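Written out below as structure tokens is the structure these notes cover.
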Amino acid sequence: MGVIWVSPWKVLGAKYGAYIAPTFANSSLDGATAAATVRGGSVSQASFGVGDMFVQPLWLGWSLPHWDISTGYGFYAPVGKYSTDTVWLPGGGVTVPSSSNIGLGYWTQQFQGGVAWYPWTNRATAVTMVMTYEYNSEQQGTDIKPGQNLWLNWGVSQYLP
């Protein structure tokens, strides 16, 4: 569920849009404890709530006869339920994210660029490619810093009459 706003204004000759996507998630221990149930145990805990929110304040798109080009910047805000637990090991305590978390506990910056090529002027066939780069901050309450991510997604589509 998201809200997309496309402005009638043009920025740098491009259509401008913005996007906000609140998320809702369910965190469940049932899957993590499947081994306990096989041995006759029973563990069940779940929580439902608001997850981390994605905000894309900058979304620019250009259209040419055989091409669509877009670029954007967005971020994930850590607004979902998040806490840490201390796990005691023989060498001492280690702080880890709680298993009941719905949020991830860190900010993510996302940069994206996409292109679609239409071989024919009716635009019924498209070859598309989108590259996304994500940079993550340090997780709250831990010394964990998730790595950076780079994705390349592509596809071919055909509209049928």
Side-chain angles (χ1 to χ4, degrees), residues 1-32 45-85 95-161:
M1 176 174 138
V3 177
I4 299 176
W5 177 70
V6 178
S7 159
W9 304 298
K10 294 212 171 187
V11 176
L12 302 173
K15 295 178 199 169
Y16 170 80
Y19 183 75
I20 297 174
T23 61
F24 300 92
N26 183 28
S27 173
S28 174
L29 289 177
D30 290 338
Q45 179 181 350
S47 61
F48 178 80
V50 176
D52 293 344
M53 180 170 39
F54 182 69
V55 178
Q56 188 169 28
L58 180 63
W59 188 5
L60 300 175
W62 295 265
S63 289
L64 303 168
H66 288 275
W67 296 90
D68 282 338
I69 302 166
S70 67
T71 187
Y73 163 77
F75 60 89
Y76 287 90
V79 298
K81 176 185 166 204
Y82 176 81
S83 63
T84 58
D85 292 330
T95 302
V96 297
S98 173
S99 60
S100 65
N101 286 341
I102 294 178
L104 295 175
Y106 57 86
W107 288 86
T108 298
Q109 311 296 320
Q110 179 176 294
F111 303 90
Q112 196 168 53
V115 64
W117 172 58
Y118 306 97
W120 296 279
T121 55
N122 67 2
R123 293 181 163 233
T125 304
V127 179
T128 59
M129 182 173 63
V130 176
M131 183 170 281
T132 304
Y133 170 72
E134 286 186 353
Y135 178 82
N136 301 303
S137 68
E138 188 171 302
Q139 194 169 44
Q140 300 168 16
T142 69
D143 290 329
I144 298 170
K145 183 173 182 182
Q148 301 172 35
N149 298 310
L150 180 65
W151 291 291
L152 177 64
N153 296 305
W154 64 274
V156 177
S157 66
Q158 175 65 52
Y159 287 105
L160 301 174

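Bear in mind the structure is a predicted one, so any value in this text is a computation, not a measurement.
- Annotation for N122: atom CG counts as buried by contact number, over 12 foreign heavy atoms lying within 6.0 Å.
- I102 and G51 get closest at one heavy-atom pair: CG2-CA, 3.7 Å.
- Between Y73 and Q109 there is a side-chain heavy-atom pair separated by less than 4.5 Å.
- For Y135, the OH atom is loosely surrounded, since the number of other residues' heavy atoms within 6.0 Å does not exceed 12.
- The closest donor-acceptor contact from the side chain of T71 to the backbone of Q112 lies under 3.5 Å.
- The main-chain N or O of G80 is found under 3.5 Å from a side-chain atom of D52 such that the two form a donor-acceptor pair.
- No side-chain heavy atom of K145 sits less than 4.5 Å from a side-chain heavy atom of N136.
- To the nearest 0.5 angstrom, Y82 atom OH is 4.5 Å from T142 atom OG1.
- Rounding to the nearest 0.5 angstrom, the gap separating the NZ atom in K15 from the OG atom in S63 is 4.5 Å.
- No donor-acceptor pair closer than 3.5 Å links the side chain of Q110 to the backbone N or O of Y76.
- Here the CG-OH distance, from D68 to Y118, works out to 3.5 Å after rounding to the nearest 0.5 Å.
- Using a 4.5 Å heavy-atom cutoff, the side chains of I144 and E138 are not in contact.
- The aromatic rings of W107 and F75 sit tilted, their planes meeting at an angle between 30° and 60°.
- At a threshold of 4.5 Å between non-hydrogen side-chain atoms, the residues W67 and V115 count as touching.
- Nearest approach of P57 to G74, heavy atoms of both residues: CD-CA, 4.2 Å.
- In plain terms, the two heavy atoms of G72 and Q56 that are nearest each other are CA-NE2, 3.6 Å.
- Using modelled atom types, no side-chain atom of T84 and backbone atom of T95 make a donor-acceptor pair closer than 3.5 Å.
- Atom CH2 in W117 sits 12.5 Å away from atom CE in M129 (nearest 0.5 Å).
- A distance of 4.0 Å separates CG of N149 from CH2 of W151, quoted to the nearest 0.5 Å.
- To the nearest 0.5 Å, atoms CG (L60) and CD1 (I69) are separated by 12.0 Å.
- Looking at heavy atoms from C-beta onward, L104 lies out of side-chain contact with P78 at the 4.5 angstrom threshold.
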